[in-house]
Amino acid sequence: MLRVYNTLTGSKDPFEPLVPGKARMYVCGVTVYDYCHIGHARSALVFDVLRHYLEYSGFVVEFAKNFTDVDDKIIKRAHEQGVSCENITAKYINAYYEDMEKLGVRRATLEPRATEHIADIVTLVDRLLAKGMAYRVDGDVYFQVDRYPVYGRLSKRKLDDLQAGARVDVDQRKRHPMDFALWKSSKPGEPSWVSPWGPGRPGWHIECSAMAMRHLGETFDIHGGGMDLIFPHHENEIAQSCGATGKEFARYWVHNGFVQINQEKMSKSLGNFFTIREIFKESEWSDVVTGEMLRYFLLSTHYRSPLDFSDQSLREAKGALNGFYDLFERLNEPAPSQGVADQQMREATTRMRQAFVEAMDDDLNTPTAVAALQKLRGETNKAIEAGLSGEMRRAVRREFRTLGAVLGLLQPDSWQFNPKLNPKRVGEAVSVEIEERIETKVVLSDTDIERDLAERNEARKMKDFTRADDIRKYLARHGITIEDRPDGTSRWKR
RNA sequence: GGCGCCGUACCCAAGUGGCUAAGGGAGCAGUCUGCAAAACUGCGAUGCGGCGGUUCGAACCCGCCCGGCGCCUCCA
């Protein structure tokens, strides 16, 4: 049974959904005013994996992930560029879909937008006003935090502590410094909707409460997002939701850790920011390969731990994945109908599947789950060595595909031996790091490589091994590895 | 000032009270190969930042110290 770390309780809690067999989750999506960075990628991937694993475990998953499409930053960006807010949000929603597709992150089953739920938001604010948990100041409406007695239960903070730490100028019209806006009156030129309190727009936190309740009900199972959302965003969501309904809001609060650069949080001020599209653009590998490298890298650390992004870590992910795809090539080779290692392979597969499930059950321990796949890779290679039937080979490949699918890995039939997946920037010079030196190589085209390979095989037939090895060395300098097969043919990979 | 996290081999990274401290990458040696690649076999932390303590027993619990980081303000 799956156990997830619940920020609310501070412990790994068994996942028991409200409705048996059904898992309802809401994840805070992005504010669409800029391109997504690798941190967004991590968050999106973590919850995509959680969803996959819930499905693998037999749950029907209802998964809502919102777009925040009305917000100060969007308005600012629109003003800067002299375009409408819709212009900005449409552009970055599109970019988001492109990036996520390359990462292999599926769309949520529901993708609500704040601007499409103004009526729900107004109703919710009204409820809070009626209950005396919110108050009006001019055209604004604020949530009054001291009317919600357990404010701070998610982030484990006390209102008094927060007051002491407040560093921001406090709006004097607020009754308590931590009161936050549910509804903001809009200035001229800002997006605006009619409301009982005058023209305005929703505050940041209220949209998630309204959309989650609308689509998943007043109480649902999982609410997720990045660590940084614990306070104040999720804290405020809880306060206003529970305040309005008197019921529990989300039952499990799941938060992912940050991506860092050189042990420091990524931030625009430090200039250590990598957008997803930047990484794909600069990768020397095709999008399919780069996407899988990124996923492997992001899942090789537990989702709650900080994770340091670097070129080296991506390269290591590539190296680790190569082993799997080398194995899949081997599994495709001709095999006997009876294998002496079949039985032992069957047992190893069962063992590894159990290890995989056990790891994922333990708060989505993807590093250990990946280790189980690696272990199975070793066992399979050994079994092939000993003799593995064709039928068993196909069964093992299916197993890798099934378990890999939970993590979004190991799906392509072929990888490094599939020329279609690899060539990129043909004819261009790229920098490669070889033994801590940066060298330049030219990316060869497939036809160039095939031609050289044919020439080399001619030389080999003539026993001109000097010539053959020269060609091998030449290709090696350009990052091409040749594999000679027992039948005399050769294949190559980048 | 308040709250919290991390420090495991050359690198990445599981493990959080009890069999020989997972797994990957890199490395070295061997088998195989015309040479390679891949694969296989073997090697690699007597120790888990340091020092104390609790315990029959600790990388895992407690205390102190050292080093690094996050949140308290928009942020995945």
Side-chain angles (χ1 to χ4, degrees), chain A residues 10 27-31 33-34 36-47 71-73 76 152 155-158 160-169 178 204 224-233 235 255-260 262-268 296-297 300-308 310 312-313 315-327 329-330 355 359 362 365-378 380-382 384-386 416 435 460 463-466 468-469 472-473 476 480-486 490-493:
Chain A
V27 170
C28 289
V30 292
T31 301
Y33 76 104
D34 207 345
C36 289
H37 58 245
I38 178 115
H40 295 111
R42 185 181 194 191
S43 187
L45 185 61
V46 163
F47 291 103
D71 164 272
D72 291 348
K73 292 187 291 293
K76 187 168 168 242
S155 55
K156 317 277 186 274
R157 289 165 216 265
K158 297 190 188 82
D160 297 344
D161 296 341
L162 289 166
Q163 257 180 307
R167 276 186 277 152
V168 191
D169 291 340
M178 294 313 295
W204 173 36
M227 290 279 192
D228 50 346
L229 297 180
I230 296 172
F231 190 90
H233 184 53
E235 194 69 71
H255 295 98
N256 66 276
F258 284 122
V259 176
Q260 310 180 324
N262 296 325
Q263 335 286 345
E264 283 180 320
K265 179 179 170 176
M266 285 197 312
S267 77
K268 286 184 176 171
Y296 190 96
F297 158 68
S300 63
T301 298
H302 184 85
Y303 77 91
R304 284 191 285 120
S305 302
L307 186 164
D308 221 73
S310 65
Q312 188 194 327
S313 48
R315 249 180 287 122
E316 285 184 5
K318 173 75 165 64
L321 283 162
N322 276 341
F324 284 109
Y325 287 99
D326 280 332
L327 170 65
E329 291 293 336
R330 282 187 95 186
D362 183 16
N365 193 332
T366 54
T368 303
V370 168
L373 293 174
Q374 289 285 6
K375 188 100 182 177
L376 182 61
R377 177 174 74 90
T380 309
N381 268 314
K382 273 177 222 166
I384 291 174
E385 210 88 344
Q416 64 266 56
E435 289 163 8
R460 287 175 70 213
K463 304 277 184 211
D464 182 359
F465 293 122
T466 315
D469 288 352
R472 181 200 287 289
K473 279 182 208 152
I480 310 299
T481 308
I482 296 169
E483 257 185 56
D484 294 332
R485 287 189 281 196
S490 303
R491 64 186 177 196
W492 58 275
K493 62 184 176 185

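Lettering of chains follows the sequences in order, A, B, ..., and the numbering in each one begins at 1.
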**Message:** Run the side-chain contact (heavy atoms from CB on, under 4.5 Å) test on A:Tyr296 and A:Val370 for me, step by step, so that the C-alpha distance in whole Å, both residues' side-chain angles and the decisive distance to 0.1 Å come before the verdict.
**Reply:** CA-CA 9 Å; A:Tyr296 190 96; A:Val370 168; 3.3 Å; yes
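- Pair assignment for B:A58 gives none, since no Watson-Crick or G-U wobble pairing has each distance under 3.5 Å.
- For B:A76, its base never sits under 3.5 Å from the side chain of A:Arg42 at any donor and acceptor pair.
- Within the 4.0 angstrom heavy-atom criterion, only backbone atoms of the sugar-phosphate kind lie near A:Asn381; the bases stay farther away.
- Rounded to whole Å, the distance from CG on A:Asp308 to P on B:G7 is 14 Å.
- Here the closest heavy-atom approach between residue A:Ala369 and residue A:Ala359 is recorded as N-CB, 3.6 Å.
- In this structure, A:Glu385 places its CD atom 10 Å from C1' of B:U41, rounding to the nearest Å.
- Rounded to an integer number of Å, the gap from A:Asp34 CG to B:C74 C1' is 13 Å.
- Spacing of P atoms, B:G49 relative to B:G67, comes out at 16 Å, to the nearest Å.
- Map A:Ser155 and A:Thr368 each onto its nearest nucleotide of RNA chain B; the residue landing nearer the 5' end is A:Ser155.
- Taking atom NZ on A:Lys318 and atom P on B:C12, their separation rounds to 21 Å, with Å as the unit.
- In this structure, of B:G24, B:A37, B:A76, it is B:A76 that holds the atom nearest to the side chain of A:Asn256.
- At the phosphate of B:G23, OP1 or OP2 sits under 4.0 Å from a side-chain N or O atom of A:Lys375.
- Distance check on atom P: B:A58 versus B:G68 gives 30 Å, rounded to whole Å.
- Base contact: A:Gly257 has a heavy atom under 4.0 Å from a base atom.
- Judged by atom type and distance alone, A:Arg304 does not reach the base of B:C5 through any side-chain donor-acceptor pair under 3.5 Å.
- Atom CZ in A:Arg485 sits about 20 Å away from atom P in B:A36, given to the nearest Å.
- Taking only distance into account, the side chain of A:Asn365 never meets the base of B:G15 through a donor-acceptor pair shorter than 3.5 Å.
- The separation of B:C61 from B:U16, taken at their P atoms, amounts to 10 Å, rounded to a whole angstrom.
- Using a 4.0 Å heavy-atom cutoff across all strands shown, A:Phe258 reaches at least one base atom of the nucleic acid.
- Listed here is the closest heavy atom pair of A:Ser490 and A:Ile482: CB-CG2, 4.2 Å.
- Backbone-only contact: A:Leu229 has heavy atoms under 4.0 Å from sugar-phosphate atoms and none from a base.
- The listed nucleotides are B:A37, B:A76, B:C69; the one nearest the side chain of A:Gln260 is B:C69.
- When the C1' atom of B:A36 is taken as reference, atom CD of A:Glu483 falls 10 Å away, rounded to whole Å.
- Between A:Lys76 and B:C74 there is no side-chain N or O to OP1 or OP2 distance below 4.0 Å.
- Of all non-hydrogen atoms in A:Gly226 and A:His255, the two that sit nearest each other are O-CD2, 3.4 Å.
- Taking atom CG of residue A:Leu307 and atom C1' of nucleotide B:A13, one finds them 10 Å apart after rounding to whole Å.
- For B:C65 and B:G25, the P atoms lie 41 Å apart once the distance is rounded to whole Å.
- In this structure B:A29 sits in a base pair with B:U41, meeting the Watson-Crick or G-U test at under 3.5 Å.
- Note on A:Arg315: every side-chain N or O is 4.0 Å or more away from OP1 and OP2 of B:C11.
- B:A38 sits 25 Å from B:A22 when the C1' atoms are compared, rounded to a whole Å.
- Of the candidates B:G25, B:A14, B:U73, the closest approach to any side-chain atom of A:Arg377 belongs to B:G25.
- The side-chain heavy atoms of A:Leu45 and A:Asn256, taken from C-beta on, include no pair separated by under 4.5 Å.
- In terms of heavy-atom proximity, A:Arg42 sits nearest to A:Ser305 at NH2-O, 2.7 Å.
- With P as the reference atom, B:A26 and B:A21 are 25 Å apart, rounded to whole Å.
- Pairing for B:C69 goes to B:G4, judged as Watson-Crick or G-U wobble with the two contacts each under 3.5 Å.
- At the phosphate of B:C71, OP1 or OP2 sits under 4.0 Å from a side-chain N or O atom of A:Lys265.
- Of the nucleotides present, B:G50 is the one that pairs with B:C64 by Watson-Crick or G-U wobble criteria, both distances under 3.5 Å.
- When the P atom is compared between B:A29 and B:G44, the two are found 16 Å apart, to the nearest whole Å.
- With distances taken from any side-chain atom of A:Arg330 to the nucleotides B:A76, B:A39, B:G24, the minimum falls on B:A39.
- Look at A:Arg491 and A:Glu329 and you find a salt bridge, because one of the NZ, NE, NH1 or NH2 atoms lies within 4.0 Å of a carboxylate O, short of that distance.
- Heavy atoms of A:Thr301 sit under 4.0 angstrom from primed sugar atoms or phosphate atoms, though from no base atom.
- Among the protein residues, A:Glu316 comes within range of the nucleic acid bases, having at least one heavy atom under 4.0 Å from a base atom.
- Judged by atom type and distance alone, A:Asp484 reaches the base of B:C35 through a side-chain donor-acceptor pair under 3.5 Å.
- Using a 4.0 Å cut-off between a side-chain N of Lys or Arg and a carboxylate O of Asp or Glu, A:Arg460 and A:Asp484 qualify as a salt bridge.
- Here A:Asp72 lies out of heavy-atom contact (under 4.0 Å) with every strand.
- Using a 4.0 Å heavy-atom criterion, one finds that A:Val46 contacts no nucleic acid atom at all.
- Note on A:Lys382: only backbone sugar-phosphate atoms sit closer than 4.0 angstrom, heavy atoms only; bases stay farther off.
- Backbone-only engagement by A:Gly226 is indicated by non-hydrogen atom pairs under 4.0 Å involving sugar-phosphate atoms exclusively.
- As rounded to the nearest Å, B:C5 and B:C74 have P atoms that lie 23 Å from one another.
- A donor-acceptor contact under 3.5 Å links the side chain of A:His37 to the base of B:A76.
- Looking at A:Arg460, its side chain comes within 3.5 Å of the base of B:G34 through a donor and an acceptor atom.
- Pairing each heavy atom of A:Gly39 with each of A:Met266, the nearest pair is N-CE, 3.7 Å.
- Positionally, the nearest nucleotide of RNA chain B for A:Tyr303 lies more toward the 5' end than for the other of A:Tyr303 and A:Ala372.
- Atom pair A:Arg157:CZ and B:G70:C1' shows a separation of 10 Å (rounding to whole Å applied).
- The A:Lys493 side chain lies nearest to B:A37 when the options are B:A37, B:C35, B:C40.
- Between the side chains of A:Gln312 and A:Arg315, no donor N or O sits under 3.5 Å from an acceptor N or O.
- Comparing B:A39, B:G15, B:A76 against the side chain of A:Asp362 picks out B:G15 as the nearest.
- Using the Watson-Crick or G-U wobble rule with both distances under 3.5 Å, B:A36 pairs with nothing in any strand shown.
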